[in-house]
Number of protein chains: 2
Amino acid sequence: MAVGTRERLVEAAATSFMRQGYAGSGLKQITVESRAPFGSLYHFFPGGKVELAAEALRWAGAGYAQLVAAVLDASPDVVTAVGDAFAAAAHTLEATGYADACPIATVALEVASTNEPLREVTAEIFESWLDGLTARFAGEGIAPERARELAVLFVAALEGGFLLSRAARRVEPMEALGRTVAEAVQAALPAHA
Amino acid sequence: MAVGTRERLVEAAATSFMRQGYAGSGLKQITVESRAPFGSLYHFFPGGKVELAAEALRWAGAGYAQLVAAVLDASPDVVTAVGDAFAAAAHTLEATGYADACPIATVALEVASTNEPLREVTAEIFESWLDGLTARFAGEGIAPERARELAVLFVAALEGGFLLSRAARRVEPMEALGRTVAEAVQAALPAHA
DNA sequence: GTCTATAAACCGATAGAC
DNA sequence: GTCTATCGGTTTATAGAC
């Protein structure tokens, strides 16, 4: 088999959760879009919706981390790279009609006070993102505590940018954030004049 | 009457949407918590869930803007004020078990690609917040374009801070953002050395 | 006009035939 | 292990009694 039923279920679930949220996504619809029989869902995920969501979030979270890392790796200096990451996010928003954004955020806010197992999954994903970015900034000679602060700023601004730009259907907030976050990173560099 | 049925419905809806999201909130539950007969909901809001949500979002959005403005007004200098706002948000998160955060964000992400009327309501609320903050920063002698960028940074970082802190159930991200955003405002002040 | 009862559709989840 | 039929419960919304 090229792509198994199980993988199609995870992918369709991740897309549906990103665009419609957790409570707004129906399992029926996910199986239809996966071209999977409804019963197969409970064959592969005996834990039902929560187990499927946990796997979809982890899969999408790892993919998004790779995507951001690739954009950051493409630029030689870290300040330009940060600006490019926000520009890439803005471009993706425009290209997809403001549908493709963070695959974790909507669900994370929904489950933060209502579903403890899924809340822990989203916490692990965000923490892994922050760890990777902290190491990257620290590799530029920035002190660890400062590198962590910049990583938090990067992720929070990106998430806030998705929120504001999707609501307004304009990329201006995301573009403005690219400038201010890049400046903050610039100011933290040891070689900063 | 002290507080009318209609106002209780709006308040209960706003709280439910903030904690459980739009799709995750049931009208039945909202009427129970409002101590309102179910039929009264459609008496006051013939447009049903969407009309109730639009009014609840606008009401909560205006209230949150007032809350933030009060915190910012309490401090004489704007840099301290920005730090205080993030500290206040962190304190509220801890005091409410990470339940009381932004009353708009969860719904805004849910409806951004699925409900055009409500998406427009969330866009108007965010834009009113940004307008108020832009005017405040401009009042400090910061150029309009720069003031707008700082307003976007403030709101995006606050929203990203709610997301990261609620997921992790730790206030460290929100506190770190208070420091970095305050620094960004400091650097933009005309009197900045 | 306030409230109860219920309609009609959909939800997550399961049983069981093949 | 693939797939259908359906369970019991909940959803939004409405009809109609009082």
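Just so we're clear, the structure is a prediction, and the values are computed from it rather than from any experiment. The analysis underlying the following values was restricted to heavy atoms, covering all of them including side chains, and did not include hydrogens, waters or symmetry mates.
Residues passing the salt bridge (charged side-chain N to carboxylate O under 4.0 Å, His left out) test with Glu116(B) are Arg119(B), sequence neighbours excluded. Not counting sequence neighbours, the partners of Val68(A) by the side chain to side chain contact (heavy atoms under 4.5 Å, CB included) test are Tyr64(A), Leu72(A), Phe154(A). Partners of Phe45(B) under the ring pair (Phe, Tyr, Trp, His ring centres under 6.0 Å) rule, at least two apart in sequence or in another chain, do not exist in this structure. By the salt bridge (charged side-chain N to carboxylate O under 4.0 Å, His left out) test, Glu110(A) pairs with no residue at all, sequence neighbours left out.
Side chain of Thr80(A) to backbone of Pro76(A): no donor-acceptor contact under 3.5 angstrom is found.
One atom, CD of Gln29(B), and another, P of dT11(D), lie 8 Å apart when rounded to the nearest Å. Between the CG atom of Leu9(B) and the P atom of dT2(C) there is a distance of 12 Å, given to the nearest Å. The distance between atom CZ of Phe44(B) and atom P of dT12(D), rounded to the nearest whole Å, is 19 Å.
Proximity of His43(B) to the phosphate of dT2(C): a side-chain N or O atom is located under 4.0 Å from OP1 or OP2.
For the side chain to side chain donor-acceptor pair (under 3.5 Å) condition, the pairs that include at least one residue of residues 144-165 of chain A, sequence neighbours left out, are Glu127(A)-Arg148(A), Arg146(A)-Glu149(A), Arg146(A)-Glu183(B), Arg148(A)-Glu172(B), Glu149(A)-Arg179(B).
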Which parts of nucleotides 12-18 of chain C does protein reach within less than 4.0 Å, heavy atoms only, written one letter per nucleotide 5' to 3' as B for base, S for sugar-phosphate only and - for none?
-> SBB----

